[in-house]
Each structure stands twice: as C-alpha cells, then as structure tokens.
Amino acid sequence: MIKKFTLLFPLWAILASTFAYYESSMVVDFKSWIVPLLVLIMFCMGVTLKVEDFKRVVKKPKIIAMTVVLQFLLMPLAAFVISKAFNFSTELLVGMILVGAVSGGTASNVISYLAKADVALSITMTIVSTLLSIVVTPYLTLLYVGQTVPVPALSMLLSILKIVLAPVVLGVIVNYIFHKFIDKNNDIFAVLSIVSIVFIIAIVVGLNHSRIDTIGLYLLVGIMLHNLTGLVGGFYTAKLFGYNKKECKTVAIEVGMQNSGLAVALASKYFTPLSALPGAIFSIWHNISGSLIASFWSKEEKN
C-alpha cells in the first residue's frame, strides 16, 4: 500500500497543484513552511543512508566524478540557454538557474530502482552532489544571474548548510544508532518526503496562481526540455566514455532529476514566489518523465 502511494507521487503532485490553483487562499499562508518542510525531506534522505553508502565513492570515483561534472555544468548551462531562448523574465530565469544549479534529487534513487539501473551507485551520486551543492549551488547562481539580480551567495551557502547538511548528517547519525528500527520502517520516511514535497508544490502554485495562465505553458515546455537535456546528455556522455547500459541509465537519471525542492526553498527565501515556480513544476515533471522512462527501461530489460 505504501509503495503504491510512493509510486503515485506525480498524481498527488498534480492533484495538489490543481487544488492550490483554484483554492490558493487555502495554502498561501503556509509560505513560511517551505524551508522547514525541505529540512524534513533532507532528514528523511539522511535517515535512510548508512556509512557504507559513503564508502562506495572510492570504488567508482571516475563515473561519480563524471556525473557530478555533468550535473553542475550541463544543467545550469541548459537552464540558462533555454531561458534565454524562451525569453523568460528575470524572475523565471533565476528559478530555472536554481533548478539547474542544485544537486541530484532523492527521487532519482527510486527511479533508478524502477528502471533496473544501479541503485547503490545512484545513492552515492546523490550524496556526493548534495554535499558539493552546499558550495557549488550559490556560486553557480552568482555566475549565471549575478549581473542581473543581487545574489547573496554567502548567505545561500549558510542556508544550504542548515537546510541540507545538518539534517542529512543528523539522519545518518539516527540511522547509525537506530538502524534496526529504520530498516523496518523505511517506507515511513518515503511517505513523509512525498507529503512534504507535494505540500511545497501546492504552496508555490498557490502563490503564483494569478500568473500561471500567462506563463504556464511556455514554462512547462522549457522545463521539459531542461529535464530531457539532462536525461539524454547523461546517458550518451556515459555511453561515450564506455560505460555499460546499466551505468548509462543511472547517470542519465541522476543528471536529469534535480533537487527541485532545494531550488524552491532558495527561491522563496532569497528571491520571489515566481522564481520558485520552475522548481515546483520541475518537481512534478521530472517524476512523470522519470516514471515513464523507468517503465520503458524495465520492460526493455525483460525482453
């Protein structure tokens, strides 16, 4: 039952977004909850990690390094090019760059499992990019939009330390102490994460409901292209370097799926509600596209 609930994440996100669009007054007052909810999501990520997950970095350093480089070079560059091509406003440009500049999302681990990719490798990639994002995300944002809008890079760095590093480390410690309980109740943390991100999406949609009619379609197409760039770029770059199909799938999923919740939190805290909209829509779309590609790849493995 819980696994079905987890797999239906895109449906819950769409339903919550629809509700928030028509009943925005019900959710806008929860704007201050965005950061605490993301902290909860990052804790849930940390609490499912074991010390052994970090040790895998030394076993496959080359493919992990390649994925991280793709993550932080391809995705922000693609976000910038797409935003300029679609002539997005400065607020949307900032939001797109934030989506491109954050780490891989935890949903990539679930999609990797469904796609019969390398789940252990996916988890390790997510850990590495998440830790690097503490420093890299603020300064990538500064690089791409610092000449257009003020970017408080140092403040963002400190916020990411609080929002990402602290809860993840706390989660790992909790897992280390209570690993028997955690192993039996892993699904609870998946549900908490999903409920939290769905609520974040609803809040952002509610805050932007009056503007969605005019920008929604163009923004959705831009986000779909951004996500596709990561998936295709990740897969074929890994293939170019001679990695096997399973590893190529893992890299594609990791590069294409972003920690859009972090992008939303940073946009809400340091920029505008409109800047948070690309992250909210990306949260919905990359889970839909991820589910579709996982279904295709898993069927392919059976044939």
With sequence neighbours excluded, residues passing salt bridge (charged side-chain N to carboxylate O under 4.0 Å, His left out) with Lys50: Asp183
Please check: side-chain N/O of Asn175 versus main-chain N/O of Val47, any donor-acceptor pairing under 3.5 Å? yes
Please collect all ring pair (Phe, Tyr, Trp, His ring centres under 6.0 Å) contacts where either partner lies in residues 55-77, sequence neighbours excluded, each pair once. none
Donor-acceptor contacts under 3.5 Å from residues 126-133 side chains, at least two apart:
from	atom 1	to	atom 2	distance (Å)
Thr126	OG1	Ser108	OG	3.4
Thr126	OG1	Asn109	ND2	3.1
Thr126	OG1	Ser122	O	2.9
Thr126	OG1	Glu254	OE1	3.2
Thr126	OG1	Glu254	OE2	2.7
Ser129	OG	Gly104	N	3.2
Ser129	OG	Met125	O	3.2
Ser129	OG	Thr126	O	3.3
Thr130	OG1	Thr126	O	2.6
Ser133	OG	Thr130	O	2.6

Please identify each residue that fulfils side chain to side chain contact (heavy atoms under 4.5 Å, CB included) with Ala166, with sequence neighbours left out. none
Side chain proximity check, Thr237 to Met66, heavy atoms < 4.5 angstrom: yes
Would you say Val195 ends up clustered with Leu11 if hydrophobic residues are merged whenever their side chains have heavy atoms under 4.5 Å apart, either directly or through other cluster members? yes
Donor-acceptor check, side chain of His226 to backbone of Met75, threshold 3.5 angstrom: yes or no? yes
With Ser268 via side chain to side chain contact (heavy atoms under 4.5 Å, CB included) - residues at least two apart: Ile34, Val264, Ala276
Single-linkage hydrophobic cluster, 4.5 Å side-chain cutoff, Phe19 and Val198 together: no
Say whether Tyr218 and Leu228 are linked into one hydrophobic cluster, either directly or through other cluster members, by side-chain heavy-atom distances under 4.5 angstrom. yes
Results of side chain to side chain contact (heavy atoms under 4.5 Å, CB included) for Ile288 - residues two or more places apart only: Pro10, Ile14, Ile284, Trp285, Leu292
Can you confirm whether the side chains of Ser275 and Thr272 place a donor and an acceptor under 3.5 Å from each other? yes
Looking at every heavy atom in both Leu38 and Leu262, which two are closest together, and how far apart are they? CD2-CA, 3.3 Å
Could you give the distance from CG (Leu40) to CG (Leu192), rounded to the nearest 0.5 Å? 5.5 Å
Tell me whether Val28 shares a hydrophobic cluster with Met26, the cluster being built from Ile, Leu, Val, Met, Phe, Trp, Tyr side chains joined at under 4.5 Å. no
Distance check, rounded to the nearest 0.5 Å: Ile111 atom CD1 versus Ser295 atom OG? 10.5 Å
Enter the distance from Ile201:CD1 to Ser17:OG here, rounded to the nearest 0.5 Å. 5.5 Å
Please step through side chain to side chain contact (heavy atoms under 4.5 Å, CB included) for the pair Leu274 and Ser89, ending with a clear verdict. CA-CA 10 Å; Leu274 186 58; Ser89 67; 4.2 Å; yes
Give a yes or no on whether the backbone of Asn244 and the side-chain of Glu247 come within a donor-acceptor separation of less than 3.5 Å. yes
The criterion is side chain to side chain contact (heavy atoms under 4.5 Å, CB included); which residues satisfy it with Leu74, sequence neighbours excluded? Leu70, Thr229, Val255
Please find the pair of heavy atoms, one from Pro167 and one from Ile163, that lie closest to each other, and give the distance. CG-O, 2.9 Å
Lys249 with Asp118: basic N within carboxylate O range, under 4.0 Å: no
Sequence neighbours excluded - ring pair (Phe, Tyr, Trp, His ring centres under 6.0 Å) pairs with any residue from residues 233-274: Phe235-Trp297
Side chain to side chain, Pro273 and Val204, heavy atoms closer than 4.5 Å: no
With a 4.5 Å heavy-atom cut-off, do His286 and Ile223 have their side chains touching? no
To the nearest 0.5 Å, tell me how far Ile197 CD1 sits from Leu37 CG. 8.5 Å
Separation between CG (Leu157) and CG (Leu142), nearest 0.5 Å, reads 11.5 Å
Got a sec, which pairs hit ring pair (Phe, Tyr, Trp, His ring centres under 6.0 Å) with one end in residues 162-209, sequence neighbours left out? Phe30-Phe199, Trp33-Phe199
Check step by step if side chain to side chain contact (heavy atoms under 4.5 Å, CB included) holds for Val168 and Phe43. CA-CA 5 Å; Val168 168; Phe43 172 77; over 6 Å; no
Can you name the nearest heavy-atom pair linking Val102 to Gln258, along with the distance? O-NE2, 3.4 Å
Side-chain atoms of residues 79-86: list all donor-acceptor pairs with protein atoms under 3.5 Å, sequence neighbours left out, distances to 0.1 Å.
from	atom 1	to	atom 2	distance (Å)
Ser83	OG	Ala79	O	2.7

Only distances under 3.5 Å count here; give the side-chain donor-acceptor pairs of residues 144-155 to other protein atoms, sequence neighbours excluded, each with its distance to 0.1 Å.
none

Determine the minimum heavy-atom distance between Ile97 and Pro76, stating which atoms define it. CD1-O, 3.7 Å
For Trp12, what residues pass the ring-ring contact (aromatic ring centres under 6.0 Å, His included) criterion, not counting sequence neighbours? Phe5
Step-by-step side chain to side chain contact (heavy atoms under 4.5 Å, CB included) determination, Lys269 to Ser159: CA-CA 9 Å; Lys269 187 174 177 65; Ser159 287; 3.2 Å; yes
Examine Met42 and Val191 and state if one hydrophobic cluster contains both, with Ile, Leu, Val, Met, Phe, Trp and Tyr joined whenever side-chain heavy atoms are less than 4.5 Å apart. yes
Any sub-3.5 Å donor-acceptor pair from Thr48's side-chain atoms to Met45's backbone N or O? yes
CG/Leu121 to NZ/Lys60 distance, rounded to the nearest 0.5 angstrom? 5.5 Å
How far apart are the closest heavy atoms of Gly234 and Val251, and which atoms are they? O-CG1, 3.4 Å
Using side chain to side chain contact (heavy atoms under 4.5 Å, CB included), reason through Leu165 and Ile160 one step at a time and then give a plain yes or no. CA-CA 7 Å; Leu165 185 63; Ile160 298 173; over 6 Å; no
Would you call Met96 and Leu277 a side-chain contact if the rule is heavy atoms closer than 4.5 Å? no
Less than 4.5 Å apart, any side-chain heavy atom of Leu219 and any of Pro278? yes
